[in-house]
A.B. asks: 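Pasting in a structure now, in structure tokens, and then I'll have a few things to ask.
If you're wondering where the values come from, they're calculated on a predicted model, not measured in any experiment.
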Amino acid sequence: MLNSFQNIKQKKLPTTFLSLSIISILSACQPAPSELVKSTKAEFYGTTQPFVKDAIYFVMTDRFVDGDSSNNHEDQGGEYPTFGLPIEGDNDEVAYVGYMGGDLKGVLNNGKYIADMGFSAVWLTPILDNPDEAFSGGEPITFGGAFKDGGKTGYHGYWANNFYQIDEHLPSEGLGYKEYTQQMREQFGLKSVFDIVANHGSPSFSMPVDQPKFGELYDINGVLVADHQNLPTEQLDSNNPLHDFYHKFPDILQLSNLDESNAAVKDYLINSYLYWIEQGADAFRIDTIRHVPHAFWKEMADRIRTVHPDFYMFGESFNYDANFIGQHTLAKNGGISVLDFPGQKAIVTTFENPASDYAELEKVLFLTHGPYLNPYELATFYDNHDMPRMNASDEGFIDANNWLFTARGIPVVYQGSELGFMRGKAEHMGNRNYLGQDNIELAKHHPIHNALSRIAQVRKAVPALQNGLQVNIEFTGNKAAFYRVLVKDDVTQTALVLLNKGDTAADFSISKYLQGGRWQSQLSDDTINIGARDNQLNTSVAAHGVQVWLREGKIENTDLLSQLEKLMANK
């Protein structure tokens with residue numbers, strides 16, 4: 001270009017002509033629009049939320065592993081015992097509504113097992129202190145029964161009577177919650193997800209005789225601050241300070257209905273959440289988030305993130321309407337992510353039924369113009385402790401995990417799913433039965449566990465699978481194909497995911513958005529080199545298999561860049 005300017009100056013052309021010539025030369029040196037796109041430093045990613053890198057193993061603490069029998073308290077409860085408490089069904093089936101011995105030590109002892117599967121966080125059911133007797137009120141629970149609390153205990157942790165104190169069944173000598181979180185992090189690289197509740201405490205009325213701790217709340221110093229006094233909600237007295245913490249109308253069964261509009265209740269709850277963060281909680285799962293107004297969660301989220309920026313929270317809004325649960329994620333409502341219930345329903349529909357179509361899953365991704373503040377921050381799952389476990393074959397579980405660990409969102413897997421534990425069983429039919437060390441040892445050699453570990457470790461190693469924009473190519477019948485593309489900071493990756501849920505091998509010929517270069521398999525040593533003139537990647541995916549192909553480096557396909565820009569702007 002310098003020589004061109006020198007030639008113009010030597011000929012001493014008129015100023016106007018000189019100016020036009022310079023403009024023409026400069027214009028000729030500018031890249032074409034497609035070249036401009038290539039040369040930009042645009043970033044493409046799912047979210048700036050750091051927790052998207054993680055995958056969560058969900059543990060029902062009392063039902064995982066008994067690591068310390070000295071904290072079982074098998075003689076607790078007197079007339080209303082708390083340990084075991086089997087309820088029997090037909091065909092010798094049995095479920096339990098008492099404590100079974102699982103504790104923090106049992107989880108810590110299996111930290112390596114959890115991390116080796118590819119998980120990087122563990123969500124525990126609430127560890128808060130619960131009443132020391134079985135509930136004598138309500139309607140008696142029966143095998144397979146739902147929405148009944150009579151005869152049950154607080155083994156699950158959701159009946160808190162002190163939001164600052166750990167339940168005596170869970171710690172061991174030298175192993176409180178703070179020591180547990182430290183050791184999980186230091187020994188196994190595992191973060192801790194703390195389960196919080198705001199709408200209720202323990203069952204609070206209908207008891208023949210008022211039982212200790214039921215309907216009561218104690219502060220961090222063990223001082224009684226609220227007591228339902230075994231009175232139905234409509235009989236609570238506005239002039240009684242011990243009744244101030246409660247709404248004067250019921251919510252769920254006989255559970256105390258905490259009045260989140262009361263400033264003292266707000267401080268009690270939010271300060272307790274901050275307390276547990278100081279004890280090592282890295283994220284929150286929020287129970288029954290839809291039972292508490294958005295205003296509470298907005299104040300709670302603001303107060304927490306003022307001290308702990310980017311703190312990740314996801315709520316349980318048990319509803320299959322994406323537009324409804326998406327409201328929780330909006331900034332005006334606290335910017336709290338949610339468990340992806342519409343996605344859960346689609347996963348179960350797809351992988352329980354061999355005749356299903358992958359198109360069911362594409363419908364609920366909401367990658368653009370969706371109801372969520374950010375779909376990449378959703379916690380994705382196929383079952384949990386509050387619903388029937390997925391009733392799929394081994395191959396169905398393998399297919400579901402292949403999807404969960406490659407598609408958008410943060411994967412959550414409930415304990416025991418790695419060996420199809422109690423598949424198809426609802427809450428009081430075995431869903432929450434004790435897993436135990438023996439089952440964990442069996443799981444280590446189970447085909448579901450082995451396939452889960454392979455794909456989870458791939459996600460753990462490939463940032464594009466954690467936080468890349470999802471670009472869909474094909475969702476038809478037994479086949480799904482999509483890219484995950486990440487261009488952020490020092491990472492530029494394009495991952496191509498190919499899924500086959502069929503009983504026979506499936507051929508894939510991928511040309512849409514395909515870029516030339518070296519594509520490396522993440523599940524084998526295979527490499528495919530796509531030349532400048534090639535326009536297809538051809539491969540065969542085994543029955544119930546997954547392939548992940550990774551290309552490192554600059555994105556050069558202008559159609560792909562254009563699609564990424566649309567996804568980035570409208571997610």
A.B. asks: Going by ring-ring contact (aromatic ring centres under 6.0 Å, His included), name the pairs with one or both residues in residues 192-221, residues two or more places apart or in two chains.
C.D. replies: F135-F214, Y177-F194, F194-W276, F205-H228
A.B. asks: May I ask you to check whether Y382 and F351 place their ring centres under 6.0 Å from each other?
C.D. replies: no
A.B. asks: From the options F314, F58, Y414, F341, select the one residue that forms a ring pair (Phe, Tyr, Trp, His ring centres under 6.0 Å) with F381.
C.D. replies: F341
A.B. asks: Please find out if less than 6.0 Å separates the ring center of Y164 from that of Y268.
C.D. replies: yes
A.B. asks: Tell me whether D383 is salt-bridged to K425, with the criterion being a basic N under 4.0 Å from an acidic carboxylate O.
C.D. replies: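 K425 and D383: not salt-bridged.
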A.B. asks: Apply side-chain contact (heavy atoms from CB on, under 4.5 Å) to L373 and list each qualifying residue two or more places apart in sequence or on a separate chain.
C.D. replies: T329
A.B. asks: So, F397 versus H544, ring centres under 6.0 angstrom or not?
C.D. replies: no
A.B. asks: Would one find more than 12 heavy atoms of other residues, nucleotides or ligands at under 6.0 Å from atom CD of E173?
C.D. replies: no
A.B. asks: Output all residues satisfying salt bridge (Lys or Arg N to Asp or Glu O under 4.0 Å) with K363, sequence neighbours left out; order by chain, then residue number.
C.D. replies: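 Expected list: E360.
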A.B. asks: Which pairs with one or both residues in residues 180-206 pass salt bridge (Lys or Arg N to Asp or Glu O under 4.0 Å), sequence neighbours excluded?
C.D. replies: D54-K191, R185-D282, D195-R285
A.B. asks: P86: which residues meet the side-chain contact (heavy atoms from CB on, under 4.5 Å) condition with it, sequence neighbours left out?
C.D. replies: V94, Y96
A.B. asks: Under the side chain to side chain donor-acceptor pair (under 3.5 Å) rule, what do Y320 and Q344 come out as? Steps first, then yes or no, please.
C.D. replies: CA-CA 9 Å; Y320 293 107; Q344 180 270 333; 3.2 Å; yes
A.B. asks: Show your working on side chain to side chain donor-acceptor pair (under 3.5 Å) between E133 and Q211 and close with a plain yes or no.
C.D. replies: CA-CA 8 Å; E133 298 178 354; Q211 296 176 265; 2.7 Å; yes
A.B. asks: Fit a plane to each ring of H156 and W159, take the angle between them on a 0 to 90° scale, and name the class: parallel (under 30°), tilted (30 to 60°) or perpendicular (over 60°).
C.D. replies: perpendicular
A.B. asks: Counting only heavy atoms from other residues, nucleotides and ligands, does the tally under 6.0 Å from NZ of K345 exceed 12?
C.D. replies: no
A.B. asks: Filter on salt bridge (Lys or Arg N to Asp or Glu O under 4.0 Å), then keep only pairs touching residues 62-79, sequence neighbours left out; what's left?
C.D. replies: none
A.B. asks: Under 6.0 Å between ring centres, would you say that holds for H328 and H294?
C.D. replies: yes
A.B. asks: What heavy-atom pair brings S256 and S204 nearest, and what distance separates the two atoms?
C.D. replies: CB-OG, 2.9 Å
